[in-house]
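Just below is one structure, and these are the notes that go with it.
In this chain, residues are counted from 1 in sequence order. No experiment lies behind these values; they were computed from the predicted model shown. Atoms within each ligand, like the ligands themselves, are counted from 1 in listed order.
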Amino acid sequence: MTFKPAAWPRKLRSQSWFGGTEKDNIYYRAWMKNQGFPPDLFDGRPVIGILNTWSELTPCNAHLNDLAQRVKHGIYEAGGFPVEVPVFSTSESAFRPTAMMFRNLASMAVEEQMRGLPMDGCVLMVGCDKTTPSLLMAAASTDLPSIILTGGPMLNGYYKNERVGSGTHLWKFSEAVKAGTMTKEEFLEAEGSMSRSPGSCNTMGTASTMASMAEALGMALSGNAAIPAVDSRRRVMAQLTGRRIVQMVKDDLKPSDVLKKQAFENAIRTNAAIGGSTNAVIHLLAIAGRVGVDLTLDDWDRCGRDVPTIVNLMPSGKYLMEEFFYAGGLPVVIKRLGEAGLLHKDALTVSGETMWDQVKDVVNHNPDVILPTDKALTRSGGVVVLKGNLAPRGAVLKPSAATPALMVHRGRAVVFEDIDDYKAKINDETLDIDETCVMVLKNCGPKGYPGMAEVGNMGLPPKILRKGITDMVRISDARMSGTAYGTVCLHTSPEAAAGGPLAVVQNGDFIELDVPNRRLHLDISDAELAARLARWKPSHVQADSGYLWLHQQNVLGADTGADLGFLRGCRGAAVGKDSH
Ligand code: FES
């Protein structure tokens with residue numbers, strides 16, 4: 001893909017604040033000078049916003065202030081003027097009811113900060129799950145030159161000399177406690193071993209997936225995704241990112257130059273190869289919606305169908321991000337896609353180079369971490385998109401995290417009307433359920449929960465876990481943590497709270513899952529389904545004020561990315577009038 005850099009020097013948008021000798025220009029400069037900035041910083045050089053999602057309540061991003069200093073070094077070195085700007089930080093581990101409810105709010109807030117403040121380009125400093133997509137969505141909406149810098153993953157966790165993966169082992173240990181094979185004391189002891197350094201989750205969960213998506217889209221420098229947070233090379237990456245954004249501003253290299261349909265197709269195939277999180281589906285659909293790329297759920301199935309999962313990381317495999325980095329990281333995977341004819345090699349990246357030029361010479365240093373194709377974890381690793389009368393607009397399933405024997409399954413539905421109903425019943429020893437049943441959870445979608453919580457991999461009943469069974473077919477309109485696993489149909493659309501067929505599934509109905517044929521079917525007649533839908537009334541809580549109201553009124557379905565409808569599309573970064 002050819003990109004023609006803009007002429008330099010030229011007048012940048014920040015000069016409408018900082019240039020000139022009018023009263024307003026003096027006003028903007030004078031207040032900035034209370035920080036001791038020398039006059040030449042306002043001379044028309046690129047002003048770079050370091051948009052920092054640092055927060056002590058977003059622990060995965062709590063080290064970003066340190067990295068931001070390295071970004072500043074790079075910006076100064078390249079002749080730019082760095083300004084650090086704290087932005088809305090969506091903490092996956094702490095935000096209630098779920099961080100996903102605030103992804104769109106964060107993107108809206110950041111978008112307005114980008115538009116309303118004197119910045120010519122931005123470094124998007126992110127890490128935890130929702131911080132990466134929310135800032136990418138904002139950048140796509142404003143189309144200001146932007147580059148992603150993730151904080152990097154935590155070091156490997158170890159408990160009793162076994163690797164412990166963020167999240168993945170939380171599910172495993174909690175099921176072991178329920179099954180009686182692990183004590184509470186051991187569970188508590190294991191807790192500290194899971195997170196032993198700064199950084200984001202060390203599995204191929206959503207944070208690592210989204211870092212990989214940013215790199216595969218071409219929005220981060222090559223190699224960014226896997227460098228551990230505490231590795232000195234993460235600091236080097238920060239400094240290089242700072243240098244690069246200055247040149248991007250001079251060249252006027254914008255998100256819309258990088259985020260083409262082929263970039264999204266590269267990312268979808270990369271997601272399949274890494275065994276990435278199903279959350280990437282929602283986030284990439286939302287980012288595409290902001291930049292005006294026509295990406296659909298069907299693109300996920302079409303592009304991912306023939307891509308083997310070759311990255312042997314938890315939750316699908318056995319290693320963690322630290323080992324992925326030592327093996328060569330994401331560039332090795334992207335090179336493999338290119339060699340297999342599964343990459344748009346000429347896709348432009350923020351480096352100014354094509355994707356292929358960046359990866360063509362890299363080497364795989366550990367074929368047990370990045371596997372040969374004939375040893376792939378799953379031959380067809382892409383996210384599967386299921387359709388049928390139970391999911392007319394689609395549902396997704398991650399084959400690499402599922403049980404092969406359950407890929408074709410017919411079972412009796414055991415229905416939970418919402419998450420509270422599930423919590424009230426799941427530990428009841430008299431619950432009428434066995435391992436052949438299909439667990440159905442309603443009202444956990446974008447409107448219903450609200451915010452679409454990561455509860456789709458609902459835990460199994462203790463009486464089934466005690467038999468040594470660890471997986472059953474589960475269906476919901478919820479999401480699933482990228483660190484989780486199981487034969488789990490997620491994002492069922494339309495969601496129950498919007499009157500989708502999921503809303504009218506009853507205990508005792510039979511459901512058919514047929515992954516090879518991409519089918520999710522409620523085994524009742526069309527007439528019966530229509531009659532039930534005609535009688536359906538919403539049962540989820542409807543907010544009447546605040547952001548919750550705004551969200552419920554405007555959120556779109558998971559099948560299009562669960563963005564707020566009025567935020568879709570690229571609105572640009574046009575500056576409003578001076579107000580002084
Ligand atoms: Fe923040 Fe996993 S909870 S990256």
If we ignore hydrogens and angles and just use 3.5 Å, is the side chain of Gln552 paired with the main-chain N or O of Pro450 as donor and acceptor? no
Can you tell me how the ring of Phe88 sits relative to the ring of Phe95, calling it parallel under 30°, perpendicular over 60° and tilted otherwise? parallel
Among Lys130, Arg290, Glu112, side-chain hydrogen bond (donor to acceptor under 3.5 Å, both in side chains) partner for Ser107: Arg290
Are any of the side-chain nitrogens in Asp368 or Lys318 under 4.0 Å away from the carboxylate oxygens of its partner? yes
Distance-only polar pair, side chains of Ser277 and Thr206, donor-acceptor under 3.5 Å: yes
Asn224 and Glu215: side-chain donor and acceptor closer than 3.5 Å? no
In chain-and-number order, ligand 1 lies under 4.0 Å from a heavy atom of each of Cys60, Glu92, Cys128, Asp129, Ser200, Cys201, Ala207
